[in-house]
Amino acid sequence: MVTLQCDSLHRPISYLRVSVTDRCNLRCVYCMPEEGIPLQSHEDILRYEEIARLVRVAVGLGITKVRLTGGEPLARAGLVGLVRMLAGIPGLEDLAMTTNGTLLAGQAVALAEAGLKRVNISLDTMRPDRLRTITRRGRLEDVLAGINAAQQVGLTPTKINMVVVRELNDDEVVDFARRTLTDGWHVRFIEVMPLGQGMCGAAGEYVPTGETRAMIEEALGPLQPAALMGNGPARYWRLARAEGTIGFISPLSEHFCALCNRLRLTADGRLLPCLLSDGEIDLR
Ligand code: SAM
Ligand code: SF4
């Protein structure tokens, strides 16, 4: 029986996010410049066997939940094989993935069969032309097909992540919230952060959670607390009679450092204890 490991601030560390690649087929304006980022060479990227080995060690130290991310995880060939390796690790209770959804429809069945349990899909707009503007190359129909496929094969609850940016997509907040009523979607609204090499994050572009929530309540009625889904920083609510939930991830307006339970493994094998710190450990 593994005891949960706590860090020096007594936070139980149970969650590992694994970036399987730094590559992506999209160029979301808040995440990457149009020309992309300088890419790591294939020799620098951990092989799937190396990732599996590190996860096995991490599970032995108390990690119970792993999320695959990137870059775009489905842009790396053979991801189903990695999922199968990880799903077979005794003690790993939850195996999830965050994806932009564009490549999901064709792989959802194989991923579910290999042992993936859930996906979070990033979708910032339901307008095809706007999706093109935000991602610079994505197609709405592909993402919607990905969401549909995830639900069909049981990669559920499928959560939709919407990064809210003022004057880019904040006028769609209510439309997304309405989907929790009409389609049972679980939607999470994320405050845009001045991260990486994206062009967003200027103070004027960030919409505080309080403002997002007020837009929803004014249009659709009061939010009621929902049972906690997941063990991350999101806080969950529900509209009356909604099957789906509404989550808020508020890295800027409500610091959640005290609740942090995660470590990050980069595609080239560095362990990052905190996104806001330069501290890292090269596991290679
Ligand atoms: N490519 C996958 C995707 O888009 O879902 C996985 C990697 S992406 C970096 C993970 C999540 O981070 C996505 O939900 C994305 O919307 C979010 N994200 C990226 N840049 C962000 C930023 N500057 N502020 C807030 N969230 C951001
Ligand atoms: Fe790619 Fe995800 Fe970044 Fe968009 S948010 S550019 S899909 S890694």
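Both ligands and their constituent atoms are indexed starting at 1 by order of listing. Sequence positions, counted from 1, serve as the residue numbers for this chain.
Those atoms of ligand 1 that come under 4.0 Å of a heavy atom in Glu191, given as number and element, are 25 (C). Distances below 4.0 Å separate heavy atoms of Gly70 from the following atoms of ligand 1: 7 (C). With ligand atoms numbered from 1 in the order given, ligand 1 contributes 14 (O) to contacts under 4.0 Å with heavy atoms of Asn161. Taking every heavy atom of Met193 and a limit of under 4.0 angstrom, the matching atoms of ligand 1 come to 22 (C), 23 (N), 24 (N), 25 (C). Close approach of ligand 1 to Thr69 is summarised as follows: ligand atoms under 4.0 Å from at least one heavy atom of the residue are 6 (C), 7 (C). Using a 4.0 Å cut-off to heavy atoms of Cys31, the atoms of ligand 1 that qualify are 20 (N). Interface of Val192 with ligand 1, defined as ligand atoms under 4.0 Å from a residue heavy atom, comprises 24 (N), 25 (C).
Side-chain contact between Trp185 and Ile147 is present, with at least one heavy-atom pair separated by less than 4.5 Å. Using a 4.5 Å heavy-atom cutoff, the side chains of Asn148 and Leu144 are not in contact.
Checking Arg17 against Tyr15 by side-chain atom types alone, a donor-acceptor pair falls below 3.5 Å. Under the 3.5 Å distance criterion, with hydrogens and angles disregarded, a donor-acceptor pair is assigned to the side chains of Glu72 and Asn100. Remark: the Glu191 side chain and the Ser253 side chain contain an N/O donor-acceptor pair separated by less than 3.5 Å.
Assignment of Met162 to the shell around ligand 1 is not supported, since no heavy atom sits closer than 4.0 Å.
With Tyr48 as the aromatic partner, Arg76 meets the cation-pi criteria of under 6.0 angstrom to the ring centre and within 45 degrees of the ring axis.
Protein N/O/S atoms closer to atom 3 (Fe) of ligand 2 than 2.8 Å number 1 in this structure.
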Could you give me the CA-CA distance, side-chain angles and deciding distance for Leu123 and Leu140, then say whether side chain to side chain contact (heavy atoms under 4.5 Å, CB included) is met?
CA-CA 9 Å; Leu123 178 65; Leu140 180 64; 3.8 Å; yes

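Of all the heavy atoms of Thr99, the ones lying under 4.0 Å from any atom of ligand 1 belong exclusively to the backbone. Residue Thr98 touches ligand 1 through backbone and side chain together, judged by heavy-atom distances below 4.0 Å.
Residue pairs meeting the salt bridge (charged side-chain N to carboxylate O under 4.0 Å, His left out) criterion with at least one member in residues 126-135, sequence neighbours excluded: Arg127-Asp171, Arg127-Glu172, Arg130-Asp171, Arg130-Glu172.
Note: an N/O pair closer than 3.5 Å links Tyr30 and ligand 1 by distance alone. By the 3.5 Å distance cut-off applied to N or O atoms, Glu72 is counted among the residues near ligand 1.
If you check each of Cys24, Ser122, Gly71 against atom 1 (N) of ligand 1, the one with the closest non-hydrogen atom is Gly71.
Contact detail for Asp170 and Met215: the closest heavy-atom pair is O-SD, 3.8 Å.
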